[in-house]
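Note that the structure is predicted; figures quoted are calculated from it, not measured.
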Amino acid sequence: MTDIYGYAAAAPLYRAAGWMQVIPLPEGRKTPPPSGFTGRSRKPVTDEQVRFWSQSDPTANTGIVIPEGVLVLDIDAEQGHQVKADGAKGISELSQELGMLPATWSSTAHGIDSPARHLFYKVPEGLAWKGGAIEGVDILQPGHRYSVVWPSIHPSGEMYCWYTPSGAFSGTLPHIGDLATLPWKWVDYLRKPDRVSNSTTLTPSYSREYDDRMCKAVNTFLNKTLANPASKGSRHDTTLQAVWALVNFAQEGHRGGGALDAINQLKPRFIAEVAPDRQGKEREAAREWASILSGAMEKANGVQSHVDPCEQSKIERMTPGEFNELTQNTIANQMRESHPQAVQNTGTMPVQAGSTPVAPVQNGSMESHEASKNASSSWQFEDLTQLASGIELPPTPTVFQREDGQGLFYRGAVNDLHGEPGCGKSMIAQIATAQELKADRDVIYIDYEDSARNVVKRLLLLGVSGEQIIGHLHYVRPSAKPSSPTSLGGWRETLDYADTATLAIIDGVTSCLAYAGLDSNSGDDIAAWYNTMPRLISACGPAVVLIDHVVKSKDNRGRYAGGSMQKLALIDGISYSVDMTKPVGKGVRGTIVIKSGKDRISEIEEHCAVSWSGNGSHLREAARIEINSTDPKLMHVTIARPNMMPSEDRQAKRDDFRPTGLMERISRMLEDSLEEPNQSELFKALKEDGSGARTAVMSKAVSLLLQEGFVSNRSGRNNRSIFKSVRPYRQIDDPKSDAYVDRMSREEASESDDENHLEI
């Protein structure tokens, strides 16, 4: 991180570490922030907004708006900010009453020894906080203020730096999960008292009784939504998905219009809870609700099922079994006639009355199993003759090839791409799509997230011709699950296309599950969905690629997609974690890295990086996708091999970086200086002396000299750190320097020189 400078380079790093609301500030200043992106009514910072800011002012300072679950203590020193009180002293005195604050990550531009800094803590979400702890200590909280952070330049010219809980300079960013938890005594002292009116208003919503007008499924779903109204990240997103799901429930024929009654119960709760955070209060909240409902109703197809799904099993609700017996038998027979392989390979199609069951086949295997067609049970032992003789081998990765020819997706299997929002998952799917289309191969694109306009525009930029798109891309943007009455024809057509397609994209899993009224945290729901949608498609031959989000847990982030761990267990191809290491967008060169978290067939993992990524994630880099968007008419993409250097070595190389030449130059300057310069004056003198080092590298050199006792600093005028030499630093004496010469060798060389002089 020593070569990072400016907002454009830093913003992706912060977002990758969980600080999503990262904003630009004027270079060398703390204010003003961009309008509309701070405060209670702040707009969310999107990837597109970050790209715009990065292109318009790449060297801007960087700020992070405090997210929910985080609280920052802004401690002023006695002489800083023209304050009258010493915040550090006040905190020390308050600690005698409340207990010592735990060591945590901190940020400051005033040097390692300065008490003036921002202390970052984890706190419970949803609490209201005071404006300050004591005089000289402000509170930075969600909806109020932001923190200026590395690699910003303070108005004094000093760089903001991160410091670990031990107080050491850090070359890495803290993840939100790395912060210390604020003790409860401090939480109680700093929070505002609960408002009684709020609690009395909302309590009845939590204790609703079973409503006989609604079936069991709707009652259960409504109770779950009301109990956790922000389970999807925000009340707006949770309510949006809930309304979509309830509209689907109504279409599916759930009893007595109960789903619509449930929607009516959500309305007053939503308005009451979001109104305090909206500038227009109840009126604005009501308009927001109307927009949510209108959008959900637009997706309804107007055709309602005649059978209540609650009377059938969960898997039947996801298949043609949810319709009347005549429709069931007709559809099952059509599927069996036109796609016997798909039905046979998954073994999950429901067995209808009078129909012949089929045997399951694992992992997309394509044998015929003619002998099983006349069996009386779906539980059948498989004939392993072909597999054991080597006639039929497991699927091989042939789709989405790197520049060395190694494929990255398995045909006939379910693969996945998962990562943070905006990390480039859909971009990778579209690059893989473009690769197949250019080779005149068919691709199915099932899109729940974007639009045909944007996908086609991206494909044209990737060099796909209009003729190839028209002839080989089969794009659909569903608004219901495949087994809904109006979707059956399209679902059969999808399986028809799957017979010749090499790639099938499902973007994204969360929305697809929401349309089906399923829970992404339920292992049963996930298993049912996998076996009746992705695996039916993969059984026809294409590589199915799911696009999904990551889990919220820091410990498991990256290994598998968000929701139930069943998602990872059901992948029968390969699962990739996606990370954008350099911003991708118009006018820039970006990089997206994909890492293997699970390779079921083990044909790709041997071609991945030789070691796992850090943090115990057990991820191995599989490819680096370099995307050059500097040409507005054509996007150039290189799917490169992974960096094969072990990640531990790469980390060690970063950690061991020592700008020893610069350290010696700084040491000599301070030795010769008549006055003690501050950091800004020191860096200016270095540049005037011909140094071309980046500010971050100069900061690293000064930090190392301070840590190792060659230089000292103290607080000077205007609270600026000023530096002086303690003892000389020379590269020749530093064993970690390439210029190091062993002292004994130097003494021997000196003696040899003396002897030569005597001989002369």
Side-chain angles (χ1 to χ4, degrees), residues 299 338-339 342 395 397-402 407-417 424-482 486-509 511-512 515 533-548 573 576 578 584 592 594 625 627 629 633-639:
K299 297 179 182 296
S338 60
H339 298 285
T398 56
V399 178
F400 190 40
Q401 294 185 358
R402 293 189 319 212
L408 297 170
F409 293 138
Y410 292 100
R411 287 195 59 182
V414 179
N415 313 266
D416 98 321
L417 296 165
K425 303 181 294 291
S426 296
M427 170 73 81
I428 292 175
Q430 289 157 12
I431 291 172
T433 298
Q435 198 177 79
E436 296 302 295
L437 294 178
K438 288 179 181 178
D440 294 324
R441 293 189 281 262
D442 289 348
V443 176
I444 299 170
Y445 206 109
I446 304 172
D447 195 352
Y448 291 89
E449 300 286 343
D450 209 338
S451 65
R453 179 192 302 272
N454 292 335
V455 172
V456 170
K457 179 182 178 181
R458 181 78 55 77
L459 292 173
L460 291 171
L461 282 173
L462 287 166
V464 183
S465 70
E467 292 77 11
Q468 289 168 325
I469 293 173
I470 295 169
H472 297 286
L473 179 63
H474 308 293
Y475 179 93
V476 61
R477 196 175 192 280
S479 58
K481 64 185 180 183
T486 57
S487 298
L488 285 170
W491 177 234
R492 286 196 295 270
E493 188 178 17
T494 300
L495 293 178
D496 284 336
Y497 289 140
D499 285 337
T500 58
T502 56
L503 175 65
I505 306 294
I506 301 179
D507 184 5
V509 172
S511 297
C512 184
Y515 279 128
M533 190 175 183
R535 283 190 175 168
L536 278 181
I537 299 175
S538 69
C540 296
V544 174
V545 177
L546 310 179
I547 299 179
D548 208 346
Y576 289 115
V578 182
V584 173
I592 303 173
I594 61 173
I625 297 95
I627 302 171
S629 301
K633 296 182 179 179
L634 189 63
M635 191 182 300
H636 299 277
V637 176
T638 302
I639 308 171

Subject >> Distance (rounded to the nearest 0.5 Å) between I431 CD1 and R458 CZ >> reply: 8.5 Å
Subject >> Any side-chain heavy-atom pair of M533 and I446 under 4.5 Å >> reply: yes
Original post:
Is a side-chain N or O of Y475 found less than 3.5 angstrom from the main chain of A452, in a donor-acceptor match?
Top reply: yes
Original post:
What pair of heavy atoms forms the shortest contact from S426 to Y445, and how long is it?
Top reply: O-OH, 4.3 Å
Original post:
Between atom CG of D416 and atom CD1 of I547, what is the distance when rounded to the nearest 0.5 Å?
Top reply: 9.5 Å
Original post:
Roughly how far, to the nearest 0.5 Å, is OG1 of T433 from CG of L462?
Top reply: 9.5 Å
Subject >> Pair N415-V399, side chain to side chain contact (heavy atoms under 4.5 Å, CB included): steps then yes or no >> reply: CA-CA 11 Å; N415 313 266; V399 178; over 6 Å; no
**OP:** Please report the shortest heavy-atom distance between Q468 and K438, naming the atom on each side.
**Re:** NE2-O, 3.3 Å
**OP:** Return the minimal non-hydrogen interatomic distance between P478 and D447, and the atom names on each side.
**Re:** CD-O, 3.6 Å
Original post:
Between L495 and L536, which heavy-atom pair has the shortest distance, and what is it?
Top reply: CD2-O, 3.9 Å
Original post:
Taking all atoms of both residues into account, what is the closest heavy-atom pair of M635 and S629, and its distance?
Top reply: CG-OG, 3.8 Å
Subject >> Min side-chain heavy-atom separation I639-Q401 under 4.5 Å >> reply: no
Original post:
So, K425 side chain and D507 main chain: donor-acceptor pair closer than 3.5 Å or not?
Top reply: no
**OP:** Could you grab the distance from atom CD1 of I428 to atom CD1 of I594, nearest 0.5 Å is fine?
**Re:** 5.5 Å
Original post:
What distance separates W491 CH2 from D496 CG, expressed to the nearest 0.5 Å?
Top reply: 11.0 Å
Subject >> Closest heavy-atom pair and its distance - G541, R411 >> reply: O-NE, 3.2 Å
Original post:
So, the side chain of Y576 versus the backbone of L408: is there a donor-acceptor pair under 3.5 Å, distance only?
Top reply: yes
Subject >> Gap between atom CD1 of I625 and atom CZ of R402 - 0.5 Å precision >> reply: 10.0 Å
Subject >> Sequence-distant partners of T500, side-chain hydrogen bond (donor to acceptor under 3.5 Å, both in side chains), two or more places apart >> reply: D442
Subject >> Close side-chain approach of R441 to L503, heavy-atom, < 4.5 Å >> reply: no
